[in-house]
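What you are looking at is a predicted structure, and each value in this text was computed from that prediction instead of being measured.
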Number of protein chains: 2
Amino acid sequence: MKKTKAEAGETIQLLLQTGKQHFAKYGYAKTALEDIVKDSGLTRGALYHHFKNKEGLFFAVIESIQKQIAQNIEQQASKSSDQWEQLSLGCRAFITSAIEPDHKQIILIDGPVVIGWNRWRQLDANHSMRLLYNQLEQMQKNGCFLSLSVESLTHSLSGAMNESALWIAEKGSFDSIDEAMHVLDVYFEGLKQTN
Amino acid sequence: MKKTKAEAGETIQLLLQTGKQHFAKYGYAKTALEDIVKDSGLTRGALYHHFKNKEGLFFAVIESIQKQIAQNIEQQASKSSDQWEQLSLGCRAFITSAIEPDHKQIILIDGPVVIGWNRWRQLDANHSMRLLYNQLEQMQKNGCFLSLSVESLTHSLSGAMNESALWIAEKGSFDSIDEAMHVLDVYFEGLKQTN
DNA sequence: ATTTTAACATACATACTGTATGTATGTAAA
DNA sequence: TTTACATACATACAGTATGTATGTTAAAAT
């Protein structure tokens, strides 16, 4: 009954994938581990062997999504060499990634609540908020918005994007992305005139 | 054993208050109703008589906090007759109210997750986001930021304030409020130049 | 070849929510 | 003033979900 290492890896991936689907569809609280393992053709034993507990599985799911989103942001931002345009492109990429049905509930709603706000922020160095912070910090080094706290600005913009993304996802219309980005661009106009 | 109406009212208030304390301290998920009723010197029967379920009690707690915060916002905003200053004062009042230890966990973290994002928005007409929307709508009618969607702007600013408040609460320093407000004021500069 | 250990399955303990039922008391009408 | 009923709880229990302890089998390690 013991499987080979590669097979065990597949088991982990299966649990991650199935878990992601359930967490995305039902939310963390209403997701039953029993259903996840049943859908995976496994038992509670498998899950608790590979993950510490429900929160552990959720944490792992979040990590994989975060990596994907961060990759997306970097890819889009790198399409321009202008720092303000990079910022704008990165923000749009975040919103676009975040509202994907598989991501929305996990990233925008349950994530910070379940794993706690502190751990949420520390998640990993490639977390999307980190990318935002780095970009803003670089811009400040280049002389932009010198009077502002980059940390404060990061959280402010991050929050604006999170809530905007939720609103967009709710409306279901992709035009809303443009509206939200328009608002952000207006903020950026204010930032450009700050020193 | 049946108590008079007034006494029953006190029971409700007691449950609300004790519930608020537990929800604020431990978060919704880790709060046990058993502990609430024990702390109140009551039993599950009393709680389930006056409230539909755990979520019902939480909802009632949220409502009372929302009312308090909204009242605070209106009071502060009314101190000026300049619409931009009203906006700024209202925002500061929201942040200041939201970071109070008794409010933070309930309003900023668990609220939207537990009762669902839709019901969260619809909560009541005096909900703080509604006040923000009304203020922005009025300003737009006066010719401000005509090219922007007020709805989009509302969510964007609301999200910025929520996340900023969480960050401020985390740091524990009241100077952070000024930093966050400084960022908001920079946004407002951008808004002022938009039509 | 033998030992060890990883990868599960199964059974069970625990905890918490919600419900069903019982009881005592206030209240209003006959 | 007594009867009928509703209200305000208490208590006991059922249902469900998490997490843990233990057993089993086969792959690795020695």
Side-chain angles (χ1 to χ4, degrees), chain A residues 1-62 105-106 110 113-116 119, chain B residues 1-62 105-106 110 113-116 119:
Chain A
M1 169 148 311
K2 176 179 179 183
K3 294 181 181 168
T4 175
K5 253 184 190 172
E7 287 174 315
E10 283 172 28
T11 299
I12 292 176
Q13 285 310 115
L14 183 59
L15 287 168
L16 279 174
Q17 198 181 322
T18 313
K20 181 160 104 178
Q21 287 168 8
H22 281 251
F23 288 136
K25 189 169 179 183
Y26 307 108
Y28 181 82
K30 290 186 181 170
T31 290
L33 297 183
E34 196 61 43
D35 294 342
I36 293 178
V37 295
K38 201 179 288 178
D39 258 30
S40 306
L42 296 164
T43 63
R44 311 178 60 66
L47 200 156
Y48 278 94
H49 176 71
H50 289 295
F51 301 93
K52 193 190 170 195
N53 51 21
K54 185 179 184 182
E55 202 182 308
L57 175 64
F58 188 70
F59 191 88
V61 167
I62 282 184
Q105 179 77 32
I106 297 173
D110 287 326
V113 177
V114 174
I115 73 173
R119 287 171 65 210
Chain B
M1 169 147 316
K2 174 174 181 188
K3 298 185 179 163
T4 173
K5 254 184 191 171
E7 286 174 314
E10 282 173 28
T11 299
I12 292 176
Q13 284 310 115
L14 182 59
L15 286 169
L16 279 174
Q17 198 180 323
T18 313
K20 182 161 103 177
Q21 286 167 9
H22 281 251
F23 287 138
K25 190 169 180 185
Y26 307 108
Y28 181 82
K30 290 185 181 170
T31 291
L33 298 183
E34 196 61 44
D35 294 342
I36 293 179
V37 295
K38 200 179 290 176
D39 258 31
S40 306
L42 297 163
T43 63
R44 311 179 60 67
L47 199 156
Y48 278 94
H49 176 71
H50 290 295
F51 301 94
K52 191 188 170 197
N53 51 21
K54 186 179 182 180
E55 201 181 310
L57 174 63
F58 188 70
F59 192 88
V61 168
I62 283 185
Q105 179 76 34
I106 297 173
D110 287 326
V113 177
V114 174
I115 74 173
R119 286 172 65 212

Got a second to check how far [X]'s [atom1] is from [Y]'s [atom2], nearest 0.5 Å?
{"X": "A/Gln21", "Y": "A/Ser40", "atom1": "CD", "atom2": "OG", "value": "8.5 Å"}
{"X": "B/Leu14", "Y": "B/His50", "atom1": "CG", "atom2": "NE2", "value": "10.0 Å"}
{"X": "B/Thr18", "Y": "B/Gln13", "atom1": "OG1", "atom2": "CD", "value": "10.5 Å"}
{"X": "B/Leu33", "Y": "B/Asn53", "atom1": "CG", "atom2": "CG", "value": "8.5 Å"}

Is there a side-chain contact between A/Val114 and A/Phe59, using heavy atoms and a 4.5 Å cut-off?
no
Fit a plane to each ring of B/Phe58 and B/Phe23, take the angle between them on a 0 to 90° scale, and name the class: parallel (under 30°), tilted (30 to 60°) or perpendicular (over 60°).
perpendicular
Can you tell me if the side-chain N/O atoms of B/Thr11 get under 4.0 Å from OP1 or OP2 in D/dA8?
no
Locate the shortest heavy-atom distance separating B/Asp110 from B/Gly27; write the atom from each residue and the value.
OD2-CA, 3.3 Å
Any donor-acceptor pair under 3.5 Å linking the side-chain atoms of B/Asp39 with those of B/His22?
yes
Which ones in residues 36-57 of chain A lie close to DNA chain D, meaning a heavy atom under 4.0 Å from one of its atoms?
A/Arg44, A/Tyr48, A/Asn53, A/Lys54
Of the residues in residues 17-34 of chain B, which ones touch DNA chain D at a heavy-atom distance under 4.0 Å?
none
Rounding to a whole Å, what distance do you find between A/Glu10:CD and C/dA7:P?
13 Å
